[in-house]
Amino acid sequence: MTAEKNIINDDELQNDSQQQDLEGQETYNSEDTSVKADNKDEAVEDTSDSSKSELVVLQEENAQLKDQLLRKIAEFDNYRKRTVKEKTELILNGGEKAICSILPILDDFERALSDKSDDPNAIREGVEMIFNKFNKALESLGVKKIDTEGVDFNVDYHEAIAMVPGMGDDKKGKVIDCVQSGYTMNDKVIRHAKVAVGQ
């Protein structure tokens, strides 16, 4: 009987120790769960803090980019307005340089007209001087006379208004006479020379 009591007591002790172990495990599990929950809360807080700071950084970058865009738009608009204004001024005042170079020649003509001289040689000399001055003014603007004397007919520079037959083989295809002078400006033909060509 004593042995049976000891066995029962041993069984009870084992059951009690197992129950205490289970209670200890439950306590440990509940503590572990609460620690994990606390860690999750901290992680959520850290994530929300970092996402808030990222959001602030992104908002600042966005504001900076908007400011840059507005400045570029304003700068381009000012450039466009300035270009349109310069183009308009160029169209309206494009001939200013040409007119300024011709005005002294106009002054020479006025002086020649007011002169009361009857000497034809003096008048001719004065007109030749004005003519030479005018040619120099045109050359300063890049205008040059197209050469027509004894040259081959060239459709790029000459306009044939007459064909002259019977001039011989050496005059065939050559400019015989110039009816109206042609001019180039900066190597671009602004008026073709009107010529008669040998046939």
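Atom CG of D152 sits in a crowded spot, with more than 12 heavy atoms from other residues, nucleotides or ligands closer than 6.0 Å. Atom CD of Q68 has more than 12 neighbouring heavy atoms from other residues, nucleotides or ligands inside a 6.0 Å radius. Sparse packing is recorded around CG of D187, with 12 or fewer heavy atoms of other residues, nucleotides or ligands lying under 6.0 Å away. Within a 6.0 Å sphere centred on CD of Q199, heavy atoms belonging to other residues, nucleotides or ligands number more than 12. Within 6.0 Å of CE on M163 lie more than 12 heavy atoms contributed by other residues, nucleotides or ligands.
Here the shortest heavy-atom pairing between H158 and F153 reads CB-CE1, 3.5 Å. Contact between A137 and S101 at its shortest, heavy atoms only, is CB-O, 3.8 Å. Closest non-hydrogen pair, D156 versus H192, comes out as O-NE2, 3.3 Å.
Note on F134: it clusters hydrophobically with M185, by side-chain heavy-atom contacts below 4.5 Å among ILVMFWY residues. A continuous path of hydrophobic side-chain contacts links V155 to V197 [ILVMFWY only; heavy atoms under 4.5 Å]. A continuous path of ILVMFWY side-chain contacts below 4.5 Å connects I130 to V143, so both sit in one hydrophobic cluster.
In this structure, CG in L141 is found 10.5 Å from CD in E139, a value given to the nearest 0.5 Å. Going from atom CG of D108 over to atom CG of L103 covers 11.0 Å, rounded to the nearest 0.5 Å. Considering CG of N93 and CD1 of I99, their distance stands at 11.0 Å, rounded to 0.5 Å. With values rounded to the nearest 0.5 angstrom, Q64 atom CD is found 13.0 Å from L69 atom CG. Taking NZ of K72 as the reference point, atom CG of D77 lies at 14.5 Å (rounded to 0.5 Å). Atoms CG and NZ, from L138 and K145 in turn, are 11.5 Å apart once rounded to the nearest 0.5 Å.
Side-chain N or O atoms of N62 include none that pairs as donor or acceptor with a backbone N or O of L58 at under 3.5 Å.
Taking the charged nitrogens against the carboxylate oxygens, D107 and R111 have no contact shorter than 4.0 Å, which rules out a salt bridge. Salt-bridge formation is detected for the pair D67/R71: a Lys NZ or Arg NE/NH1/NH2 atom is positioned less than 4.0 Å from an Asp or Glu carboxylate oxygen.
Here the rule is side chain to side chain contact (heavy atoms under 4.5 Å, CB included) with Y157, and of V151, V195, I146 only I146 fits it. When each of T148, D147, N154 is checked for a side chain to side chain contact (heavy atoms under 4.5 Å, CB included) with V175, only T148 meets the rule.
With contacts defined as side-chain heavy-atom distances shorter than 4.5 Å, the pair Q180/R191 qualifies.
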Before giving the answer on side-chain contact (heavy atoms from CB on, under 4.5 Å), spell out for L55 and Q59 the whole-Å C-alpha distance, their side-chain angles and the decisive distance to 0.1 Å.
-> CA-CA 6 Å; L55 181 64; Q59 284 175 341; 4.0 Å; yes

